Amino acid sequence: MLSGARWLESELTLLNVKRPTVVIQDQDNITLPMFVVSRNPNGPGEGGAAVVIDTQIMTQSEKAEEKGGRDLYHHNEFVSKKISIYRDLPYCWTNTCEQFVSKELERLKLPEVSVIIIFNNEAWTPLVRSVHSILDRTPSTVLREVILVDDKSTLEHLHAPLDKYFRDYEKVKIVRVPVRMGLINARLRGVEVSAAPVLVFLDSHIECFKGWAESMLIRIAQNPRAVVFPVIEGIDKETFKVDCTTSDSHYGDFDWKNLFFNWIKIPQRELKRRKSAADSYRSPTMPGGLFAISRQFFDHLGAYDPQMLFWGGENIELSFKTWMCNGSLELDPCSHVGHVFRKGVAAVGSINQSFRNSLRVAEIWMDDYKNYFYERSRYRIEKENIGSLSDRQGLRKNLGCQSFAWYLENIFPEKKVPMCIIYAGEIKNEGTTTCLDSAGIQSTKPILYACFLESDNQVWYIDIHGQLYQDNLFMCVLEQKIILRGHNCPNEWAFKEETNQIIHSQSGLCLDVIDGEVILSKCSDVLTQKWIVTRRRSE
Ligand code: UD2
Ligand code: MN
């Protein structure tokens, strides 16, 4: 296989002279976009290799084309266009997975699946490549159909050209919706027109690895209440490099401030529970874009909440209710699917829109625990606009689901619930009139920043155990320096109400600000050692 770099020298000129692409134009006068159809094992990007184009030898118009594609799609469509829509990917089953699947296939009959892909204004090549990776790598006896739901795209290539391209593919169906529905309702439309007993939802910029479907379907055949998601391999948005080196060491978490999905290291408890490396992990939540579920169980759970709009929140709703209503949410280490993670696309529905969906999840599924979420994000609460809840609350009641406390205790005992909190909210420095700020999840030390009521980075808790923290970020002292880190440091701090000082318990030093830096210094009555905090309502 040629690496991206070698392809550079050998094939770029060729591409410039005569591209290995097809342009289908016949009587109907519908022109398809350019794309590569070769099955050449040495072609660019084959085997999941990176494609890096040397900008030195790109023409001005190629550069403009590259920029245009990136602006429009938030990935490098110029590169994707150089890669065959049939490109091959590495084989990534371990021996254990291979044995697990072949043993189970001897005794089980796999159910048929309808694959549902929704899209809005996606680029041509990733979408078409997604579909080919499914057609090529799913046993044909199992694949009933691939349903493409167009969520009212405005880009021309997604209309007549797409219809024309898939016209002769018996299993591919294209469905159009009359108005932009958002991903949740577009998926529901896909479910409506689908027929197989198992539903698989995928994004429209994915590539399935060989064997991606079998192991997920085995788990559903074994337990129809299992909701299964694959290991997601990142397809690089610039080079389209993809391999199967993502370890299955992380599964699903959620945060208290938005109820958004996060990855978290799988705890020892769960690692020990599994007997074989092919066993699935019982994950508290899932990312939501790629998963398999029995149609019957999906219907039983009330499908998606149709009042959730655009993007976000639906994955957490489905995660919570799967566990709370007697199902099982599993990460399948034997199933691998690639996905282009892009930045900046979620803006379609805006953060407020996703937050509104999260509010619905909180009201319907979280009982009194919703208050931790509200407190964490209390500046953004606008509960008037979240729509009627009675149908969904009725659904939960009819299903006789477990409480959210049960979920935390039994499925997610590691989840830190912001309990036993004495103070919650911003921590304002009197001397500088700025606020203590975590500067984001990646940061390793706190900063001071203009108090900004809407900033999640400025909401802190101080609990009865002497901890000062935000979600999974704890303020600790290491060698006299103040740091932020992902694990806790109990008995570190005490807030002295008489003097408004935050005292480091071990050294007796006070939290102070000097030259804009958060530091520890000898306690005195200077204003920079005085902090205004908010006492929380008693629990
Ligand atoms: C993740 C999920 C995504 C969804 C989302 C939360 C993965 C890999 N992806 O974000 O599936 O659960 O979190 O809601 O777990 N789309 C529409 N109409 C819209 C907006 C999006 O059809 O109004 C399509 C879009 O073209 C794409 C899919 O929905 O095929 C998911 O959107 P995304 O790729 O922007 O979401 P992603 O991967 O950032
Ligand atoms: Mn996506």
Side-chain angles (χ1 to χ4, degrees), residues 72-75 77 115-124 126-131 134 146-155 157-158 162 174-191 199-208 212 227-237 242 246 250-255 258-263 283 285-293 304-305 308-319 329 331 335-351 353-358 360-361:
L72 193 54
Y73 302 119
H74 303 265
H75 67 250
E77 175 59 3
V115 176
I116 296 168
I117 293 184
I118 53 155
F119 60 89
N120 173 267
N121 286 348
E122 290 282 340
W124 177 267
L127 173 63
V128 170
R129 192 176 298 116
S130 299
V131 177
I134 298 163
V146 180
I147 296 172
L148 303 176
V149 184
D150 173 12
D151 188 14
K152 202 69 182 164
S153 298
T154 49
L155 296 172
H157 66 255
L158 296 167
L162 195 72
I174 300 176
V175 180
R176 315 256 174 205
V177 297
V179 287
R180 173 85 178 270
M181 292 181 142
L183 83 87
I184 294 138
N185 282 287
R187 277 188 192 160
L188 288 174
R189 179 76 190 113
V191 174
L199 306 169
V200 171
F201 296 95
L202 297 174
D203 274 6
S204 49
H205 32 260
I206 54 103
E207 285 173 73
C208 295
W212 74 284
V227 179
V228 191
F229 63 101
V231 176
I232 305 178
E233 309 289 352
I235 302 174
D236 188 285
K237 67 182 173 46
V242 64
T246 303
H250 286 66
Y251 69 10
D253 182 15
F254 66 89
D255 69 14
N258 292 307
L259 300 185
F260 286 171
F261 173 87
N262 279 328
W263 294 103
S283 177
T285 65
M286 68 165 161
L290 328 171
F291 67 97
I293 187 170
Y304 282 133
D305 176 353
M308 286 193 180
L309 305 176
F310 291 107
W311 188 100
E314 90 295 342
N315 54 330
I316 300 296
E317 191 226 17
L318 191 54
S319 302
L329 180 61
L331 164 62
S335 172
H336 297 256
V337 179
H339 171 260
V340 186
F341 287 94
R342 308 165 300 176
K343 281 207 181 93
V345 184
V348 281
S350 87
I351 181 92
Q353 183 53 64
S354 311
F355 191 72
R356 178 187 170 280
N357 292 345
S358 294
R360 291 185 63 80
V361 177

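All figures in this text were calculated on a predicted structure; none of them were measured in a lab. Every number for a ligand or one of its atoms is a count from 1 in the order of the listing.
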* Using atom types as modelled and distance alone, determine if a side-chain donor or acceptor of S358 lies under 3.5 Å from a backbone N or O of G313. => no

* Structure fact -> Counting from 1 in the order shown, the ligand 1 atoms closer than 4.0 Å to a non-hydrogen atom of F119 are 22 (O), 26 (O)

* **Expected output: side-chain N185 to main-chain L309 donor-acceptor under 3.5 Å** => no

* Which is closest to atom 33 (P) of ligand 1 in terms of heavy atoms, Q353, M308, R342, R180? -> R342

* Identify which protein N/O/S atoms are less than 2.8 Å from the Mn ion (ligand 2). => D203 OD2, H205 NE2, H339 NE2

* **Location of contacts on P287 toward ligand 1, heavy atoms closer than 4.0 Å** => both

* Asked: Where do R342 and K237 come nearest, in terms of heavy atoms and distance?
  -> CA-CD, 4.1 Å

* Asked: What closest approach, in Å, do L162 and L127 show between heavy atoms, and which atom pair accounts for it?
  -> CD1-CD2, 4.0 Å

* **For P287 against F261, the heavy-atom pair lying closest together** => N-CE1, 3.4 Å

* To do: Please determine if R187 has a nitrogen or oxygen closer than 3.5 Å to a nitrogen or oxygen of ligand 1.
  => yes

* Distance-only N or O hit between ligand 1 and I118, under 3.5 Å -> yes

* Side-chain donor/acceptor of N315 to backbone N/O of T285, under 3.5 Å -> no

* **Minimum heavy-atom distance E317-Y304, with the two atoms named** => OE1-CA, 4.2 Å

* **Interfacing atoms of ligand 1 (cut-off 4.0 Å, heavy-atom, S204)** => 26 (O), 27 (C), 30 (O)

* Non-hydrogen atom of G312 closer than 4.0 Å to ligand 1 -> yes

* Asked: So between F341, W311, F260, whose heavy atom ends up nearest atom 32 (O) of ligand 1?
  -> W311

* Asked: At a 4.0 Å threshold, what atoms of ligand 1 neighbour a non-hydrogen atom of H339?
  -> 8 (C), 38 (O)

* Asked: Is there side-chain contact between F341 and I232, with at least one heavy-atom pair below 4.5 Å?
  -> yes

* Structure fact -> To atom 18 (N) of ligand 1, the nearest of D203, D151, I117 on a heavy-atom basis is D151

* Compute the minimum heavy-atom distance from M181 to ligand 1 and say whether it is under 4.0 Å. => no

* Cationic N near anionic O, under 4.0 Å, R187 to D305 -> no

* Aromatic ring pairing W263/F229, orientation class (parallel under 30°, perpendicular over 60°, tilted between) -> tilted

* **Closest non-hydrogen atom pair between I116 and V149, with its separation** => CG2-CG2, 4.5 Å

* Asked: With distance as the sole test, does H74 use its side chain to make a donor-acceptor pair with the main-chain N or O of K343 at under 3.5 Å?
  -> yes

* Asked: Between G313, S153, G289, which one has a non-hydrogen atom sitting closest to atom 3 (C) of ligand 1?
  -> G289

* Applying the side chain to side chain contact (heavy atoms under 4.5 Å, CB included) test to L199, which of V191, I147, V115 qualifies? -> V191

* Should you measure from each heavy atom of N120, which atoms of ligand 1 turn up under 4.0 Å away? -> 17 (C), 18 (N), 22 (O), 26 (O)

* To do: Within a distance under 4.0 Å of any heavy atom of E122, pick out the atoms of ligand 1 and give their elements.
  => 25 (C), 26 (O), 27 (C), 30 (O)

